[in-house]
Amino acid sequence: MKISITSALSMIFLTFVCVIFINILSFSMQIAKLNDYHYGVVHELESSDFSPAVIQKVTQSNAYQVRIENRSMKDDLRIYQVITSKKINIPLFRFERTYVKESCAR
């Protein structure tokens, strides 16, 4: 009887740990996807030589919020700050946070 109770409790604990692990893994994958998207946007902006059409296309994305701000002080030097954000969550813990990634495109 003791062995069956111990086995049942061990299985419940193992299931709980697996569910927590899967939720944390999902959270980190959401962050990795946002980072990949952000650096893809920066690369696309730099490759297009900061074309207004590309800037408009990128800022109207449905998946992520993207803001592009002109930070250049001189006319011949172009520096744009790219800010990408999205709400990410862990449903098990009802944890939700807006993750923001910032970098400069030159």
Side-chain angles (χ1 to χ4, degrees):
M1 184 72 174
K2 181 181 176 187
I3 294 174
S4 62
I5 292 174
T6 305
S7 297
L9 289 175
S10 297
M11 293 302 287
I12 290 172
F13 178 74
L14 185 62
T15 303
F16 182 69
V17 169
C18 286
V19 167
I20 290 175
F21 178 73
I22 289 170
N23 277 282
I24 291 173
L25 188 63
S26 170
F27 185 76
S28 64
M29 286 175 57
Q30 291 177 42
I31 292 173
K33 283 173 125 178
L34 186 127
N35 286 337
D36 290 343
Y37 182 81
H38 174 79
Y39 289 120
V41 166
V42 170
H43 180 70
E44 187 175 357
L45 285 173
E46 291 173 345
S47 297
S48 72
D49 202 25
F50 304 103
S51 168
V54 172
I55 291 174
Q56 183 180 10
K57 183 186 87 167
V58 167
T59 55
Q60 293 177 350
S61 170
N62 293 333
Y64 301 98
Q65 281 188 325
V66 179
R67 286 192 342 245
I68 300 171
E69 300 172 358
N70 189 355
R71 297 289 183 179
S72 58
M73 299 292 181
K74 299 179 182 177
D75 293 335
D76 60 337
L77 181 66
R78 288 180 292 187
I79 301 174
Y80 288 85
Q81 184 174 12
V82 181
I83 303 166
T84 308
S85 63
K86 183 179 180 182
K87 288 189 178 193
I88 55 176
N89 59 6
I90 300 177
L92 180 67
F93 301 124
R94 296 183 185 200
F95 177 79
E96 186 173 303
R97 175 152 307 163
T98 301
Y99 184 75
V100 178
K101 183 72 175 177
E102 297 182 25
S103 65
C104 290
R106 299 175 184 204

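- Atom OG1 of residue T6 and atom CZ of residue F13 lie 14.0 Å apart, to the nearest 0.5 angstrom.
- Considering every non-hydrogen atom in both F50 and R106, the closest pair reads CZ-C, 3.6 Å.
- The CZ atom of F27 sits 9.0 Å away from the OH atom of Y99 when rounded to the nearest 0.5 Å.
- Other residues, nucleotides and ligands contribute only 12 or fewer heavy atoms inside 6.0 Å of the CD1 atom of I3.
- Here Y80 contributes atom OH and L45 contributes atom CG; the two are 9.0 Å apart, rounded to the nearest 0.5 Å.
- Side-chain N or O atoms of S51 include none that pairs as donor or acceptor with a backbone N or O of S48 at under 3.5 Å.
- R71 has a carboxylate O that lies under 4.0 Å from a charged side-chain N of E69, or vice versa, which qualifies the two as a salt bridge.
- Remark: side-chain polar atoms of E46 are not paired, donor with acceptor, to backbone N or O of A105 under 3.5 angstrom.
- Once rounded to the nearest 0.5 Å, the distance linking CZ of F95 with CG of N89 reads 9.5 Å.
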Criterion side chain to side chain contact (heavy atoms under 4.5 Å, CB included) on T15 and V17, from CA distance to verdict: CA-CA 5 Å; T15 303; V17 169; over 6 Å; no
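- At least one side-chain heavy atom of V19 sits less than 4.5 Å from a side-chain heavy atom of L92.
- For the atom pair L34 CG and K87 NZ, the distance stands at 14.0 Å (nearest 0.5 Å).
- The heavy-atom pair separating C104 from V42 by the smallest distance is O-CG1, 4.2 Å.
- Put simply, the side chain of S26 never gets that close to the backbone of I22: no donor and acceptor are under 3.5 Å apart.
- With hydrogens and angles disregarded, a donor-acceptor distance shorter than 3.5 Å links the side chain of N70 to the backbone of S72.
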Derivation and outcome, side chain to side chain contact (heavy atoms under 4.5 Å, CB included), residues T84 and V100: CA-CA 6 Å; T84 308; V100 178; over 6 Å; no
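- Listed here is the closest heavy atom pair of H38 and V82: CE1-O, 3.2 Å.
- In this structure, V58 and E44 have side chains that are in contact, with non-hydrogen atoms separated by less than 4.5 Å.
- Linking ILVMFWY residues whenever their side-chain heavy atoms come closer than 4.5 Å, directly or via other members, leaves M29 and I88 in distinct clusters.
- How far CD of Q81 is from OG of S103: 8.0 Å, rounded to the nearest 0.5 Å.
- A donor-acceptor contact closer than 3.5 angstrom is absent between the side chains of Y37 and K101.
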